[in-house]
Amino acid sequence: MKAMKPSGNRIILIRHGETEWNRLHRFQGRSDLPLNPKGNNQARALALALKNETITAIYSSPLARAIETAHHIGRFHPSTPLIKESGLMEMDLGDFEGMEAQRWALDHLDFQKAWEENPATLAMPGGESLKQVQQRAVATLKRISEPYGPESTLLICSHNFVIISLLCFASKIPLDQFRELKQDNAALNIIYKDGTEFHVEKVNDRRHLQESLRY
């Protein structure tokens with residue numbers, strides 16, 4: 001039997017390309033770093049993979065790494081509006097912002113244990129919890145997708161925890177199990193909105209990066 005084509009609004013979720021803090025494994029929440037050279041190459045590969053898509057609108061976190069990724073994609077879609085949305089910003093990591101992951105693991109063993117056991121509601125000191133991130137991200141997704149018809153394609157450029165929280169919501173995975181999902185730099189995800197329901201079609205697709213190495 002031929003597989004049925006998914007119906008409803010198609011939403012392409014893009015994680016930004018690599019930054020220096022990504023490369024150095026430093027926690028990067030609200031710090032406004034640009035893409036590094038590798039990240040720009042990744043964004044260009046994404047743009048090429050999406051150049052023939054009919055994109056109704058592009059929404060982006062206002063942070064530079066997401067905006068730069070969105071601009072790379074938007075070059076092939078000059079008439080498509082690019083709209084900044086603060087609800088798509090990365091998790092506020094509070095006191096952990098900028099910390100090296102390895103140093104954090106050594107210096108905050110108690111917090112690390114609590115984060116492993118109950119990540120959904122545990123707030124970063126001076127920052128957000130994953131549940132708070134999901135609440136604002138889902139509210140933003142519902143609001144920005146509401147005006148568009150069922151054949152539209154929206155593209156969203158955002159960040160690791162925001163995208164993972166949206167994928168958990170759409171796939172009905174509890175936030176405490178968010179580690180079942182992975183989100184690499186320049187990954188592409190697709191979800192569909194059918195009425196009030198969301199479902200996931202694709203997660204953490206990076207084939208465009210391998211394809212770009214052939215040229």
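All of these numbers come straight from a predicted model, not from anything done at the bench.
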If you compare all heavy atoms of [X] against all heavy atoms of [Y], which two are closest, and at what distance to 0.1 Å?
X	Y	result
Trp115	Leu122	N-CD2, 3.5 Å
Gly127	Gln132	O-OE1, 4.3 Å
Ile156	Leu88	CG2-CD1, 3.8 Å
Ala64	Leu33	CB-O, 3.9 Å
Asn185	Gly17	ND2-O, 3.5 Å
Ser86	Pro62	CA-CD, 4.0 Å

Taking atom types as modelled and ignoring hydrogens, do the side chains of [X] and [Y] form a donor-acceptor contact shorter than 3.5 angstrom?
X	Y	result
Gln28	Thr19	yes
His199	Asp194	no
Ser31	Glu97	yes

I'd like to check [X] versus [Y] (side-chain heavy atoms, cut-off strictly below 4.5 Å). Are they in contact?
X	Y	result
Leu13	Leu167	yes
Ile11	Leu155	no
Leu35	Asn41	no
Phe178	Leu130	yes
Asp95	Met124	no
His72	Asn40	yes
Arg75	Lys51	no
Asn204	Leu181	no

- Query: Can you list every ring-ring contact (aromatic ring centres under 6.0 Å, His included) pair that touches residues 121-145, not counting sequence neighbours?
  - Reply: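 Those involving residues 121-145 do not exist here.
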
- Tell me, which pairs form a ring-ring contact (aromatic ring centres under 6.0 Å, His included) where one or both residues lie in residues 27-55, sequence neighbours left out?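 Every pair satisfying ring-ring contact (aromatic ring centres under 6.0 Å, His included) with a residue in residues 27-55: Phe27-Trp104.
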
- Taking salt bridge (Lys or Arg N to Asp or Glu O under 4.0 Å) as the test, write out the residues that go with Lys202, two or more places apart.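 With neighbours one apart ignored, the set is Asp205.
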
- Item | For Glu146, salt bridge (Lys or Arg N to Asp or Glu O under 4.0 Å) partners two or more places apart |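 Once residues adjacent in sequence are excluded, the partners of Glu146 under the salt bridge (Lys or Arg N to Asp or Glu O under 4.0 Å) criterion are Lys193.
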
- Message: Any side-chain to backbone donor/acceptor pair from Asp184 onto Ala187? Under 3.5 Å, distance only.
- Response: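 Answer holds: no.
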
- Answer yes or no: does atom CD of Glu116 have more than 12 heavy-atom neighbours from other residues, nucleotides or ligands under 6.0 Å?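 Yes, CD of Glu116 has more than 12 neighbouring heavy atoms, counting only those of other groups under 6.0 Å.
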
- Message: Please determine whether the number of non-hydrogen atoms from other residues, nucleotides or ligands lying under 6.0 Å from atom CD of Gln112 exceeds 12.
- Response: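 Yes - once you tally the heavy atoms of other residues, nucleotides and ligands closer than 6.0 Å, there are more than 12.
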
- Query: Sequence neighbours excluded, which residues qualify as ring pair (Phe, Tyr, Trp, His ring centres under 6.0 Å) partners of Phe76?
  - Reply: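 Per chain and number, Phe76 pairs via ring pair (Phe, Tyr, Trp, His ring centres under 6.0 Å) with no residue.
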
- Excluding sequence neighbours, so at least two apart, what forms ring pair (Phe, Tyr, Trp, His ring centres under 6.0 Å) with His159?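 Expected list: His16.
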
From [X] atom [atom1] to [Y] atom [atom2], the distance as rounded to the nearest 0.5 Å:
X	Y	atom1	atom2	value
Ser158	Ile163	OG	CD1	5.0 Å
Asn36	Arg65	CG	CZ	12.0 Å
His77	Leu50	NE2	CG	6.0 Å
Ser145	Phe198	OG	CZ	4.5 Å
Arg44	His208	CZ	NE2	13.5 Å

Between [X] and [Y], is there a shared hydrophobic cluster once you connect ILVMFWY residues whose side-chain heavy atoms come closer than 4.5 Å?
X	Y	answer
Leu154	Leu188	no
Ile58	Tyr148	no
Tyr59	Ile73	no
Phe111	Met91	yes
Ile173	Ile191	yes

Side chain to side chain contact (heavy atoms under 4.5 Å, CB included) partners of [X], counting only residues at least two apart:
X	value
Gln134	Val138, Ser165, Cys168, Phe169, Leu175
Glu197	Lys172
Arg10	Ile12, Glu53, Thr153, Ile190, Tyr192
Asp107	Arg103

- Task: Please assess Cys157 against Thr69 for the test side chain to side chain contact (heavy atoms under 4.5 Å, CB included), listing each intermediate value before the final yes or no.
- Result: CA-CA 7 Å; Cys157 286; Thr69 302; 4.2 Å; yes

- So among Val200, Asn189, Leu141, which one has a side-chain contact (heavy atoms from CB on, under 4.5 Å) with Leu166?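 Testing Leu166 for a side-chain contact (heavy atoms from CB on, under 4.5 Å) against Val200, Asn189, Leu141 leaves exactly one candidate, Leu141.
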
- Message: Apply side chain to side chain contact (heavy atoms under 4.5 Å, CB included) to residues Ile67 and Leu82 and explain how you reach the verdict.
- Response: CA-CA 9 Å; Ile67 285 289; Leu82 196 165; 4.0 Å; yes

- Tell me who clusters with Leu63, hydrophobic residues only, linked when side chains sit under 4.5 Å apart either directly or through other members.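 Once heavy-atom contacts under 4.5 Å are chained together, Leu63 belongs with Met89.
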
- Just grab all the salt bridge (Lys or Arg N to Asp or Glu O under 4.0 Å) pairs involving residues 11-39, residues at least two apart or on different chains.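 Residue pairs passing salt bridge (Lys or Arg N to Asp or Glu O under 4.0 Å), neighbours aside: Glu18-Lys38, Glu20-Arg23, Arg30-Glu128.
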
